Number of protein chains: 2
Amino acid sequence: MTNATRTWAGTTLADRRAIRRQQLIDAGIELLGGGDTAAVTVRAVCRTAKLTERYFYESFADRDALMLAVYEHVAESARQAILNAMVDVEPRPEALARAAVTAFVELLIDDPRKGTVLLLAPITEPALNKRGSELLPTFTAMIHDQLPDSYDETDRKLTATSLVGALTYLFISYLDGSLDVPRDRMIDHAVRMLVAAASP
Amino acid sequence: MTNATRTWAGTTLADRRAIRRQQLIDAGIELLGGGDTAAVTVRAVCRTAKLTERYFYESFADRDALMLAVYEHVAESARQAILNAMVDVEPRPEALARAAVTAFVELLIDDPRKGTVLLLAPITEPALNKRGSELLPTFTAMIHDQLPDSYDETDRKLTATSLVGALTYLFISYLDGSLDVPRDRMIDHAVRMLVAAASP
DNA sequence: GTACGGTGACAACGACCGTTTCCAGTTGGA
DNA sequence: TCCAACTGGAAACGGTCGTTGTCACCGTAC
């Protein structure tokens with residue numbers, strides 16, 4: 001019988017399970033962040049996490065469940081980083097956009113694996129297609145709703161979609177090194193696109 | 001011994017081999033155009049082409065070789081469609097851009113599988129990563145070189161990359177139905193972005 | 001001190017993949 | 001007519017995957 005309160009090596013069962021779960025998610029980020037979806041096998045994740053397969057299925061129903069957990073974990077950390085950057089800035093649209101973009105780009109630089117997971121993995125990994133085809137459209141809808149009324153509905157859709165495409169490809173190119181420009185110039189360019197679209 | 005000149009059912013060996021090769025490529029377009037890279041197995045391609053595995057390896061060294069051939073075949077048809085549309089149009093930049101974009105969009109509508117192969121498959125399929133990470137940068141470089149001198153080098157890179165990202169994501173969204181706008185408006189928007197970037 | 005829950009390593013299973021090989025049948029020129 | 005080339009179907013091989021099961025060990029609570 002399982003007793004969650006019984007201590008073991010100074011920790012409870014629930015604690016140890018949570019730690020192992022986090023180890024598996026970290027291993028997932030490490031592997032999925034490498035860009036090669038096929039490399040993220042259950043065996044590889046367990047080897048990276050220094051755990052055995054039995055513990056994998058202790059925390060996740062199947063491989064897809066880990067993929068989703070990894071993605072959600074990274075997405076949440078990005079959300080927090082962006083929100084934190086936006087709280088202590090004057091509430092002008094341009095300043096807010098700059099803060100958000102800067103925070104996101106800094107996240108990418110600080111840990112490129114996270115950028116890969118966020119931008120590339122949802123396209124590459126079938127298990128994330130559904131969830132991933134949720135975040136970009138959500139982002140698109142957010143921009144769509146901020147656009148001025150001087151555009152008609154069709155123009156707003158087109159502008160929002162173009163913006164999201166431009167930003168994601170910009171970041172992806174920056175990530176993989178094919179876009180060789182100073183960080184500040186890229187942030188400037190991204191912010192300028194956002195501001196230009198928002199002005200009537 | 002193989003005798004390529006001997007006729008068989010009214011055709012030569014070389015003819016029949018070419019036909020089978022084309023059947024396999026068509027099957028590859030059909031499957032790869034479905035968007036699910038993992039569905040493109042050698043067995044599935046052969047079943048779709050109504051041929052057996054032996055004929056697969058008669059025309060292609062391995063699975064990757066078929067993938068490349070499929071991609072090149074589609075890319076070539078797109079190149080031809082675009083060039084044909086540009087020859088009989090007045091040589092003003094805007095008219096040329098409009099002709100090219102219109103031709104490409106019409107190709108997408110005429111056969112969405114080709115659009116999927118061109119825009120999605122290079123990201124999804126490892127065998128095409130190298131080749132696919134060649135076409136978009138080539139396109140980016142083309143735009144980059146057309147941009148006016150009033151931009152500095154960094155600005156040209158940023159603008160070209162943003163444009164390519166915006167256009168591809170626009171087309172992908174249009175392809176999968178998530179961008180519900182009239183065809184003409186999308187073409188207009190795409191052309192407008194190109195023209196706006198080119199004007200100093 | 002001992003019994004038991006937690007642990008770790010790893011074999012085993014069935015499925016699918018890419019690739020090769022075999023074989024029985026058909027076709028057309030010598 | 002006979003034989004060699006070509007055809008079509010399918011089995012077979014070696015490998016990897018996701019997933020489950022087994023078994024010996026070890027630390028802790030009683």
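Letters A, B, ... are given to chains in the order of the sequence lines, protein chains preceding strands, and every chain is numbered from 1. Model, not experiment: these values are computed from the prediction.
- Regarding A/D64, its CG atom lies at a distance of 10 Å from the P atom of D/dG18, rounded to whole Å.
- Of the side-chain N and O atoms in A/R20, one or more sit less than 4.0 angstrom from OP1 or OP2 of C/dT7.
- A salt bridge is defined here as a Lys NZ or Arg NE, NH1 or NH2 lying under 4.0 Å from an Asp or Glu carboxylate O, and B/E58 with B/R16 fails to meet this definition.
- Atom pair B/R47:CZ and C/dC16:P shows a separation of 11 Å (rounding to whole Å applied).
- For the pair B/E58 CD and C/dT19 P, the computed distance is 16 Å after rounding to whole Å.
- Taking only distance into account, the side chain of A/R54 meets the base of C/dG8 through a donor-acceptor pair shorter than 3.5 Å.
- Side-chain proximity of B/R63 to C/dG18, D/dT19, D/dG8: nearest is C/dG18.
- Put simply, CE on B/M67 is 12 Å from P on C/dC17, counting in whole angstrom units.
- Closest to the side chain of A/R43, from the set C/dG18, C/dT20, D/dG18, is D/dG18.
- With D/dG9, C/dT20, D/dT20 as the choices, the nucleotide that has an atom nearest any side-chain atom of B/Y57 turns out to be C/dT20.
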For the pair B/L194 and B/R98, evaluate side-chain contact (heavy atoms from CB on, under 4.5 Å) and give the outcome as yes or no after the intermediate values. CA-CA 9 Å; B/L194 282 164; B/R98 180 173 300 274; over 6 Å; no
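- As a whole-Å value, the separation of A/K50 NZ from C/dT7 P is 18 Å.
- Residue A/R16 places no side-chain atom within donor-acceptor reach of the base of C/dG6, judged by atom type and a 3.5 Å distance cut-off alone.
- Taking atom CG of residue B/L31 and atom P of nucleotide C/dC17, one finds them 12 Å apart after rounding to whole Å.
- Closest to the side chain of A/T41, out of D/dC17, D/dG8, C/dT19, is D/dC17.
- At distances below 3.5 Å, not a single donor-acceptor pair connects side-chain atoms of A/S59 with backbone N or O atoms of A/F56.
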Given A/S178 and A/D176, is the side chain to side chain donor-acceptor pair (under 3.5 Å) satisfied, shown in steps? CA-CA 6 Å; A/S178 69; A/D176 72 10; 2.9 Å; yes
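- Across C/dT20, D/dT20, D/dG8, the shortest atom-to-atom separation from the side chain of A/E53 is found for D/dT20.
- Between A/Y55 and C/dG8 there is a side-chain polar atom (N or O) within less than 4.0 angstrom of OP1 or OP2.
- At whole-Å resolution of the value, CD in B/E125 and P in C/dC17 are 14 Å apart.
- As a whole-Å value, the separation of B/R17 CZ from D/dG8 C1' is 17 Å.
- To the nearest 0.5 angstrom, B/Y169 atom OH is 11.5 Å from A/L163 atom CG.
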